[in-house]
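The analysis underlying the following values was restricted to heavy atoms, covering all of them including side chains, and did not include hydrogens, waters or symmetry mates. Reminder, nothing fancy here: chain letters follow the sequence lines and each chain counts from 1.
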Amino acid sequence: MAKRLIPLFNRVLVEKIVPPSKTNAGILLPEKSTKLNSGKVIATGPGTCSKDGKLIPVSVKEGDTVLLPEYGGSEVKLGDKEYHLYRDDDILGTLHD
Amino acid sequence: MAKRLIPLFNRVLVEKIVPPSKTNAGILLPEKSTKLNSGKVIATGPGTCSKDGKLIPVSVKEGDTVLLPEYGGSEVKLGDKEYHLYRDDDILGTLHD
Amino acid sequence: MAKRLIPLFNRVLVEKIVPPSKTNAGILLPEKSTKLNSGKVIATGPGTCSKDGKLIPVSVKEGDTVLLPEYGGSEVKLGDKEYHLYRDDDILGTLHD
Amino acid sequence: MAKRLIPLFNRVLVEKIVPPSKTNAGILLPEKSTKLNSGKVIATGPGTCSKDGKLIPVSVKEGDTVLLPEYGGSEVKLGDKEYHLYRDDDILGTLHD
Amino acid sequence: MAKRLIPLFNRVLVEKIVPPSKTNAGILLPEKSTKLNSGKVIATGPGTCSKDGKLIPVSVKEGDTVLLPEYGGSEVKLGDKEYHLYRDDDILGTLHD
Amino acid sequence: MAKRLIPLFNRVLVEKIVPPSKTNAGILLPEKSTKLNSGKVIATGPGTCSKDGKLIPVSVKEGDTVLLPEYGGSEVKLGDKEYHLYRDDDILGTLHD
Amino acid sequence: MAKRLIPLFNRVLVEKIVPPSKTNAGILLPEKSTKLNSGKVIATGPGTCSKDGKLIPVSVKEGDTVLLPEYGGSEVKLGDKEYHLYRDDDILGTLHD
């Protein structure tokens, strides 16, 4: 059974959204149209302490769709699913329809 | 459909202004006269926290025309349009007519 | 007789959980299914001082199961058992069933 | 028409003073006598925030003649004129007759 | 006659505990069983000042048995005895029976 | 006519004291006896701001004879005289008869 | 005539104690017995300012015998005597009989 991970500090556990690389009919999509590097926030840490000891909460929350940086993040495997951990200030922004 | 991006922290989403590289009549313009690296601010983050936890707002706002540094910024593709993300302190200034 | 170690500052003494590399019946498990780098917290330091002298306690506690970074940590041998010391902000998160 | 640039933070827009490299009569001046790297302040940013959120204003003002460091500064072209942007703490001093 | 050293700031004077490399009967011990890098605290400095001028005392005290990092520390010779100086935040922890 | 330079921040304008390399009678002095790298303070900046916005004044004043570091400082030419600019915390000390 | 140096900030002027390399009778001493790198404090600066502008005094005083680091310190020649300048936090400790 997969374990549940609660990140520490300002870390954010993200499940990357894998864009479809071919259409339902099986036609391969050009790489360009699949480039957006986004993910879903699965869990967040409590935040980090400022220099005078106040907690600065994490700036994204569970369920957010986020834009991820091209590089960085640590791969984490829980059960048979693959996730990534990011510091919240490495996450570029939140995506909305 | 293109998603909307709300940047985190002091990040600024910019659409670069591509200067015309030839005149309406089709005459190529010399590179020198097209060099100004500017863009339009599409969206900004809420700002960053100072060391004692106060929010320092972003120093540009949506709609501003900004002068961009020669290097830096992360390319972001939303729908079929290309944008760039900058930290607000990497933006050199605002441009006015 | 093994000595007991009380870590200083925000250091955390961790005993790594070695995943079984073969089943009870002796069948070798593929490396992939054993990849999670986790450990049990054996002891923690008191925490570090913030810039204005307040103690920031360590964010994990004895008995926690933690997710460890791929690199880092100092190997420590107490008696004939092997442990690792991590700064608490290098620990990625806590694992729960 | 040239755009007007308002620098951000503690940036200073400077127009470099090009020393005459020959006399009115056309005699070339030796490089030594032309070495002073100075400029005129065209515009300044509002300043930067200190760690506790107070604004620290820029230490030079429009119209000041300033001594510039040998290296550094970003070239900016507005209309057909060339300017340079410096952080105010890179400017060495102000020049007075 | 050997001089006495009072360390400055958060420095700690340590006398390394050299583990026996052979038994009383003269049998060589394998290197593994002698690996623990520990020492006895001989003297400590008063501590360092925090950013707002408060003294942060050293986190170990005279007589403590400490676990030392594999690298670092400055060798000091007082009389014909050899000691090592460490910053207290380089010391990994205290050892107890 | 030479311009007057008022340094910014904690910069100090220094005129180096060139030690006589031969006696009045023309006898060359050995390099050793001329090694002291000193100068006279011509002008100082107002100082720098501390993190909470208080001005920290420059620690030397006009007319002081100062001991300069072997390396560092920016050469500045005003009129036909050569000066050097130093950050006040790069100046080693003041010299007194 | 030799000038007197008053160090700036937390600098400390030290006269190194050169250990006798041979006995009174002219017998060369082995290098090992002369290794302690110590000196006498000749003068100290007033100290450095903390981030909020309070003066942190120098932690050694004139006349102290100090243990010096193996590397570092700037050589200074005053008159025909050779001294060394150290930042007070580079000095390892004070030596007492």
Task: More than 12 heavy atoms of other groups within 6.0 Å of A/Arg87 CZ - done: yes
Task: B/Lys3 and A/Asp97 ion-paired at < 4.0 Å - done: yes
- [ ] Taking B/Arg11 for its side chain and A/Ile91 for its backbone only, find out whether a donor-acceptor pair lies under 3.5 Å.
- [x] yes
- [ ] Calculate, to the nearest 0.5 Å, the distance between atoms OG and CG belonging to B/Ser74 and A/Leu67 respectively.
- [x] 8.5 Å
Open item on the list: Heavy-atom cut-off 4.5 Å, strictly under: side chain, backbone, both or neither for A/Ile56 against chain B?
Closed with: side chain
Open item on the list: Can you confirm whether A/Leu95 sits close enough to B/Leu78 that some side-chain heavy atom of one is under 4.5 Å from a side-chain heavy atom of the other?
Closed with: yes
- [ ] Determine, step by step, whether A/His96 and B/Ile6 satisfy the side-chain contact (heavy atoms from CB on, under 4.5 Å) criterion, reporting the C-alpha distance in whole Å, the side-chain angles of both residues, the deciding distance to 0.1 Å, and the verdict.
- [x] CA-CA 8 Å; A/His96 307 263; B/Ile6 300 178; 3.5 Å; yes
Task: Gap separating the CG atom of B/Leu8 from the CG atom of A/Asp89, nearest 0.5 angstrom - done: 9.5 Å
TODO: Side chain from CB out, backbone as N, CA, C, O: work out which of these in A/Asp90 comes under 4.5 Å of a heavy atom of chain B, or both, or neither.
DONE: backbone
TODO: Identify which part of B/Leu85 has an atom lying under 4.5 Å from any heavy atom of chain A, answering side chain, backbone, both or neither.
DONE: side chain
TODO: Answer with side chain, backbone, both or neither: which region of A/Val60 has an atom nearer than 4.5 Å to a non-hydrogen atom of chain B?
DONE: side chain
